[in-house]
S.K.: 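Structure in structure tokens, see below.
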Amino acid sequence: MSTTPSDPLATLGSLPGVPDAVDSVRKAVDRVYGHRVMRRRSNEVTAEAALRGSRGSAALAGADWNLEEVRRRTDFSGEAEARTVGAALRLTAEAGQLLSIWRQSPLRVLARLHLVAAGGAAPDDAVGRPRLAGETVDEPLIEGALPSADEVAGRLEGLSRLIIAGTTAPALVTAAVVHGELLALRPFGSHNGLVARTAERIVLIGSGLDPKSICPAEVGHAEQGRAAYVAAFEGYTAGTPEGLAAWIAHCGRSVELGVRESTAVCEALQRGAA
């Protein structure tokens, strides 16, 4: 990325098409927060958004279950798809507990997210730490070139410094970059996509754009489809202005689709149908 040293993320907000995406997301979020149901039943909307966001993230990781199956199921051990859905649900539940730590120690949060996602499924010494040289990565969907362990360590440290220093970049831009960078690095031996999408959620909540966590971008990522997700991500890894703008716009559209989902939940609650 060609950016300024003082605030490397800020210049991304001015890429062609990005200001429009940022404005569109802000308007959509404001509309759902203004829904009359949010005055008294926001906790119910938050809980439903968490469930639907988890389902969407798991779908991108290869476990495309219908919502009612996710809602009904109580045992997520056993087969691989069930473990994936269980990991997504645990991560969503954990995200809200890590907001106060994120701005001070994002690497600690990422380690915790991987620990939660793995849930004992990986060797103990590989859980919650970036992979070492020679270690493999089990990551569905993302198949690009895998950065070396040294590159992972350096870029994670750079990302951490950016988050701790703060930025004037819009929340959407920061969330998209965090998401894209973690997908590109695949720093852990497993569950990187789930962790990356949870980190995106943490940024959107912690930035104040979506403080009640009712705009699940994971829903939108899944709704746009795995092919569109991969194509947009390839724009991020290309590093061109057009590619970066396309990835940010894709993430913005995902938030808007998450807003649409929660708006439907609000309408159902208002009718007494949820």
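The figures here come from the full heavy-atom set of this structure, side chains too, leaving out hydrogens, waters and symmetry mates.
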S.K.: Looking only at the side chains, is there a donor atom on one of Thr92 and Ser54 sitting less than 3.5 Å from an acceptor on the other?
M.R.: yes

S.K.: Hey, are the side chains of Leu209 and Val25 touching, using non-hydrogen atoms and a 4.5 Å cut-off?
M.R.: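 Side chain of Leu209 against side chain of Val25, heavy atoms only: contact under 4.5 Å found.
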
S.K.: When you compare the side chains of Glu139 and His191, does any donor N or O come within less than 3.5 Å of an acceptor on the partner?
M.R.: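 Note: Glu139 and His191 side chains miss the donor-acceptor criterion.
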
S.K.: Flag the pair Arg73 and Glu79 as a salt bridge only when some basic side-chain nitrogen lies within less than 4.0 angstrom of an acidic carboxylate oxygen.
M.R.: yes

S.K.: Does Leu146 form a side-chain contact (heavy atoms from CB on, under 4.5 Å) with Arg131? I'd like the steps, not just the answer.
M.R.: CA-CA 11 Å; Leu146 194 65; Arg131 54 187 166 82; 3.4 Å; yes

S.K.: Do Leu89 and Val70 pass the side-chain contact (heavy atoms from CB on, under 4.5 Å) test, and can you show the C-alpha distance, the side-chain angles, and the key distance before you say yes or no?
M.R.: CA-CA 9 Å; Leu89 288 166; Val70 178; 4.2 Å; yes

S.K.: For the pair Ser262 (side chain) and Val259 (backbone), establish whether a donor and an acceptor sit closer than 3.5 Å, ignoring hydrogens and angles.
M.R.: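 No; judged by distance alone, with no hydrogens or angles, the pair does not exist.
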
S.K.: Could you pull out the closest heavy-atom pair between Pro19 and Leu15, with the gap in Å?
M.R.: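 Closest pair (atom of Pro19, atom of Leu15, distance): CD-O, 3.1 Å.
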
S.K.: Would Val195 end up clustered with Leu99 when hydrophobic side chains under 4.5 Å apart are linked, directly or stepwise?
M.R.: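 Yes.
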
S.K.: Kindly say whether Leu269 contributes a backbone atom to a donor-acceptor pair with the side chain of Arg41 at under 3.5 angstrom?
M.R.: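 Yes, because the side chain of Arg41 sits within donor-acceptor range (under 3.5 Å) of the backbone of Leu269.
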
S.K.: Do Leu141 and Val230 have side chains that approach each other closer than 4.5 Å (heavy atoms only, starting at C-beta)?
M.R.: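 Counting from C-beta outward, Leu141 and Val230 do come under 4.5 Å.
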
S.K.: Are Arg90 and Glu94 within salt-bridge range, i.e. N to O under 4.0 Å?
M.R.: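 Looking at Arg90 and Glu94, the cut-off is not met.
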
S.K.: Starting from Leu60, can I reach Val85 by hopping between I/L/V/M/F/W/Y residues whose side chains sit under 4.5 Å apart?
M.R.: no

S.K.: Do Leu162 and Ile164 sit in one hydrophobic cluster, given that two such residues count as connected whenever their side-chain heavy atoms are within less than 4.5 Å of each other, even indirectly?
M.R.: no

S.K.: More than 12 heavy atoms of other residues, nucleotides or ligands under 6.0 Å from CD of Gln104: is that the case?
M.R.: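 Count over threshold, so yes.
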
S.K.: Judged by atom type as modelled, is there a donor-acceptor pair below 3.5 Å linking the side chain of Arg83 to the main-chain atoms of Phe76?
M.R.: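 Checked: no pair found.
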
S.K.: Looking only at side-chain N and O atoms, does Arg201 offer a donor or acceptor that is under 3.5 Å from a partner on Ser213?
M.R.: yes

S.K.: Is any side-chain N of the basic residue among Arg72 and Glu68 closer than 4.0 Å to the acidic one's carboxylate O?
M.R.: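 No, Arg72 and Glu68 are not salt-bridged.
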
S.K.: Taking Glu218's backbone N and O only, do any of them form a donor-acceptor pair with Ser57's side chain (distance below 3.5 Å, no angle check)?
M.R.: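 Side chain of Ser57 to backbone of Glu218, a donor-acceptor pair under 3.5 Å: no, none is there.
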
S.K.: Regarding Asp75 and Ser77, do their side chains bring together a donor and an acceptor under 3.5 Å, going by distance alone?
M.R.: yes

S.K.: Is the closest side-chain heavy-atom distance between Leu185 and Glu181 below 4.5 Å?
M.R.: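 Yes, close enough: below the 4.5 Å cut-off.
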
S.K.: Work out which heavy atom in Tyr236 is nearest to a heavy atom in Val177; give both atom names and the distance.
M.R.: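 In terms of heavy atoms, the two residues are closest at OH-O, 3.7 Å.
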
S.K.: When rounded to the nearest 0.5 angstrom, what is the spacing between CG in Leu9 and CD1 in Ile163?
M.R.: 8.5 Å

S.K.: Any chance you could pull the hydrophobic cluster mates of Leu132, using side-chain heavy atoms under 4.5 angstrom and chaining through other members?
M.R.: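 Leu132 shares its hydrophobic cluster with no other residue.
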
S.K.: What pair of heavy atoms forms the shortest contact from Ala145 to Arg186, and how long is it?
M.R.: O-NH2, 2.9 Å

S.K.: Can you tell me how far apart OH (Tyr33) and OG (Ser42) are? Round to the nearest 0.5 Å.
M.R.: 8.5 Å

S.K.: Please examine the side chains of Arg112 and Leu98, heavy atoms only from C-beta on, and report whether any two atoms are closer than 4.5 Å.
M.R.: yes

S.K.: Drop me the distance from Ile142's CD1 to Leu183's CG, to the nearest 0.5 angstrom.
M.R.: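 If we round to the nearest 0.5 Å, Ile142:CD1 and Leu183:CG are 5.0 Å apart.
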
S.K.: Please determine whether a side-chain nitrogen of the Lys or Arg among Arg129 and Glu135 lies less than 4.0 Å from a carboxylate oxygen of the Asp or Glu.
M.R.: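 Yes.
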
S.K.: Nearest 0.5 Å please: distance from the CE atom of Met38 over to the OG1 atom of Thr263.
M.R.: 10.0 Å

S.K.: Check whether any side-chain heavy atom of Glu234 sits under 4.5 Å from a side-chain heavy atom of Trp247, and report yes or no.
M.R.: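 Result no, sub-4.5 Å side-chain heavy-atom pair not found.
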
S.K.: Do the side chains of Leu12 and Val18 get nearer than 4.5 Å, heavy atoms only?
M.R.: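 In short, these two side chains do not touch, never coming nearer than 4.5 Å.
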
S.K.: At what distance, to the nearest 0.5 angstrom, does CG of Leu110 lie from CG of Leu159?
M.R.: 7.5 Å

S.K.: Would you compute the distance between atom CG of Leu194 and atom OG1 of Thr84 and round it to the nearest 0.5 angstrom?
M.R.: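 The OG1 atom of Thr84 is 6.5 Å from CG of Leu194, to the nearest 0.5 Å.
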
S.K.: Is the backbone N or O of Asn66 less than 3.5 Å from a side-chain atom of Arg55, with the two atoms forming a donor-acceptor pair by type?
M.R.: no

S.K.: Are Glu261 and Arg52 ion-paired here, with the side-chain N under 4.0 Å from a carboxylate O?
M.R.: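 Salt bridge between Glu261 and Arg52, a charged N being under 4.0 Å from a carboxylate O: yes.
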
S.K.: Pair Glu48, Arg71 - check salt bridge (charged side-chain N to carboxylate O under 4.0 Å, His left out), show working.
M.R.: CA-CA 10 Å; Glu48 190 64 21; Arg71 196 190 305 278; 2.8 Å; yes

S.K.: Would you say Pro187 and Asn192 make side-chain contact, with heavy atoms under 4.5 Å?
M.R.: yes

S.K.: Among the clusters formed by ILVMFWY side chains lying less than 4.5 Å apart, do Leu115 and Leu113 turn up in the same one?
M.R.: no

S.K.: Tell me, do Leu182 and Val178 make a side-chain contact under 4.5 Å, heavy atoms counted?
M.R.: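 With C-beta onward as the side chain, the pair touches.
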
S.K.: Whether the Thr168 and Asp7 side chains hold a donor-acceptor pair (N or O, under 3.5 Å, no angle test) is what I'd like checked.
M.R.: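 There is such a pair between these side chains.
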
S.K.: Passes side-chain contact (heavy atoms from CB on, under 4.5 Å), His250 versus Ser254? Steps please.
M.R.: CA-CA 6 Å; His250 180 87; Ser254 295; 4.0 Å; yes

S.K.: So which heavy atom on Ala245 is nearest to which on Pro16, and how close?
M.R.: CB-O, 3.5 Å

S.K.: How about Tyr229 and His179: are their ring centroids closer than 6.0 Å?
M.R.: yes

S.K.: Kindly give the heavy-atom pair with the smallest separation between Ala28 and Glu256, and that separation in Å.
M.R.: CB-CG, 4.2 Å

S.K.: Using side-chain contact (heavy atoms from CB on, under 4.5 Å), reason through Leu204 and Cys215 one step at a time and then give a plain yes or no.
M.R.: CA-CA 9 Å; Leu204 293 172; Cys215 307; over 6 Å; no

S.K.: Tell me whether Val203 shares a hydrophobic cluster with Val116, the cluster being built from Ile, Leu, Val, Met, Phe, Trp, Tyr side chains joined at under 4.5 Å.
M.R.: yes

S.K.: Looking only at heavy atoms, which two atoms of Arg226 and Pro140 are closest? And how far apart?
M.R.: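 Answer, listing the atom of Arg226 first, then Pro140: NH2-CB, 4.5 Å.
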
